Amino acid sequence: MIYANGLTKRYGSFRALDDVSFEVRKGEVVGFLGPNGAGKSTTMRILTCFISPTGGTAKVRGHDVFDNTLAVRASLGYLPQRAPLYLEMTVYEYLEFAAKIRNLDKSKFRQRARTVVEICGLAQSLSKEIRHLSHGYRQRVGLAQALVHDPPILILDEPTSDLDPNERTEFLNYLKQIGRDRTVLLSTHNLKEVEAACARAIIVSRGRVVADGALDEIRAKSGRVRYIVAVQESTGDSPYRGRGNLPRQSEVEHALNNLAGVKKLSELPTDERAHAYELSGEDGQDLRPEIFRLIADKGWVLLELRRDTQTLEDVFRQLTIGDERRNRQLGPVKDERRGGPVADDDDEEEEEEEEDEDEEESSDDSDDDGDEDDKKGKR
Ligand code: ADP
């Protein structure tokens, strides 16, 4: 349903996208993840025909995003980071307007309005002017306009970034409903959201795809598992239930460190009642029996033993840590990907920022012809 092949986008000498390829199949709800500036919005704006790529191709439902923009736009609903709303309209007027530009006749609109109002929880807000709505409700209206023509594909760009925790939970509930019979590409920073709503994720970092697959596959990417082990250090006034004396910290550390399969050991902060450690071992191996045996043989009292595979968050951090480092370095920094210095592209970015604002404005009117001209001019 969504197909991106070798997408590149340059702003001056700055490469915002670098050979991005992926596919989203029918019925999938895919999380599109990446730190700020990774290229998520740029990709989404190419897929929704608001900007053109410098290189590569993209198709939505088989239609090329450059050659067949109307068919692409008709196939999808798009909720940009800031929903394009006319604040002086009431919610109903705005939805009617969105339906009109999508060529829905009155009876079809009334039928669709009932569904989207129910899905998006807007029944009590229909006669309110949009400028009087809270941010969360404005996002609901934005989602409703993206759904009004019943598109088979939805592209949602950080729809929950400014919502409070309750609104977020509600939004995820809508998304689950919507995703039952639609293809959805959802960009977000919130990994919990992805775990709740998506079976698959694509992670981008500095304009490149660094992971693409089922969440379990991505979690397994690090190839490590971790264990949390806590052994009793003191009993306070109660009698000790272990054998011999309570163990010293160095004893526990030494014994765990020498266990076959333990790759790394670090002490965890605890109160004076326990010695606690985080150990890491290879994926595919389970060290819990060995850890338990060791502690039982020593006669120590085991307070906790837990095995965790890596969380999505751990893997996300590992894969995108370069972005954060780069953001904190001054002057030309070494590009770990290419092994050479990176151009100091800040000036170009600023220069191009104006262009971005222009595009942003035209993107508010979905079917702006000027936008098409802009695309053609750039190719
Ligand atoms: P994300 O959505 O992942 O936060 P974006 O796709 O918005 O990232 O941006 C990717 C990179 O491209 C960022 O470094 C951003 O500053 C840059 N960028 C985006 N639009 C423009 C533009 N019009 N001119 C110059 N740089 C831009």
Side-chain angles (χ1 to χ4, degrees), residues 2 4 6-22 30-56 58 65 78-84 139 142 155-162 184-191 193-194 198 201-212 316-317 319-330 332-333 335-338 342-364 368 370-371 373-375 377-379:
I2 302 175
L7 288 180
T8 301
K9 179 71 186 175
R10 301 186 80 105
Y11 293 108
S13 67
F14 176 68
R15 209 177 309 179
L17 291 185
D18 186 2
D19 197 18
V20 166
S21 300
F22 62 85
V30 174
F32 197 46
L33 303 174
N36 277 328
K40 303 179 296 295
S41 297
T42 304
T43 309
M44 290 184 148
R45 293 169 78 201
I46 292 173
L47 293 174
T48 49
C49 309
F50 283 107
I51 57 172
S52 61
T54 314
V65 296
Y78 174 42
L79 177 57
Q81 265 181 40
R82 305 229 168 273
Q139 281 300 85
I155 295 190
L156 309 176
D157 195 355
E158 293 183 26
T160 55
S161 56
D162 297 329
V184 183
L185 186 65
L186 163 78
S187 91
T188 174
H189 285 124
N190 190 322
L191 303 176
E193 261 167 44
V194 174
C198 310
I202 297 167
I203 303 182
V204 283
S205 169
R206 296 159 62 192
R208 290 193 147 195
V209 173
V210 291
D212 179 355
F316 178 86
R317 277 192 59 73
L319 292 172
T320 60
I321 194 81
D323 292 48
E324 189 51 32
R325 281 209 200 109
R326 195 164 178 260
N327 285 340
R328 291 181 193 284
Q329 267 172 303
L330 277 178
V333 291
D335 185 345
E336 287 145 27
R337 239 171 30 216
R338 300 191 182 85
V342 171
D344 193 358
D345 39 44
D346 284 359
D347 291 343
E348 268 132 0
E349 272 185 53
E350 268 169 31
E351 228 170 71
E352 299 282 337
E353 215 60 73
E354 287 171 21
E355 183 197 332
D356 192 35
E357 275 164 23
D358 293 346
E359 282 166 355
E360 207 68 77
E361 273 168 27
S362 62
S363 74
D364 284 353
D368 190 339
D371 213 27
D373 295 344
D374 174 43
K375 283 164 52 133
K378 278 188 194 166
R379 276 237 161 170

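No experiment lies behind these values; they were computed from the predicted model shown. FYI, the numbering just counts along the sequence from 1. In each ligand, atom 1 is the first atom listed, and ligand 1 is the first ligand listed.
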Of all the atoms in ligand 1, which lie at a distance below 4.0 Å from a heavy atom belonging to A16?
11 (C), 12 (O)
Considering only heavy atoms from C-beta outward, does the side chain of I2 approach that of F22 to under 4.5 Å?
yes
Distance, nearest 0.5 Å, that separates CZ of F32 from CG of D212
9.5 Å
Non-hydrogen side-chain atoms of F50 and M44 separated by less than 4.5 Å
no
Heavy atoms, side chains only, cut-off 4.5 Å: are V204 and T43 in contact?
no
Do F14 and ligand 1 have an N or O pair less than 3.5 Å apart?
no
Answer yes or no: is there a side-chain heavy-atom contact under 4.5 Å between T320 and L33?
no
S21 side chain reached by V209 side chain, heavy atoms, under 4.5 Å:
no
For T42, the atoms of ligand 1 under 4.0 Å from one of its heavy atoms are 5 (P), 6 (O), 9 (O), 10 (C)
Residue pair L7 / P53, side-chain heavy-atom distance below 4.5 Å:
yes
Could a heavy atom of G39 be found less than 4.0 Å from some atom of ligand 1?
yes
Polar atom proximity, R45 to ligand 1 (N or O, under 3.5 Å)
no
As an exercise, identify every atom of ligand 1 less than 4.0 angstrom from a heavy atom of K40.
1 (P), 2 (O), 3 (O), 4 (O), 6 (O), 8 (O)
Does a side-chain heavy-atom distance below 4.5 Å link V30 with C198?
no
Which atoms of ligand 1 have any heavy atom of A38 under 4.0 Å away?
1 (P), 3 (O), 8 (O)
I want to know if ligand 1 touches T43 in the polar sense, i.e. an N/O pair below 3.5 angstrom.
no
Would you mind running through ligand 1 and noting each atom that sits below 4.0 Å from a heavy atom of N36?
4 (O)
Output yes when the distance from some N or O of ligand 1 to some N or O of S41 is under 3.5 Å, and no in every other case.
yes
Under 4.0 Å between heavy atoms, the region of P35 that gets near ligand 1 turns out to be backbone
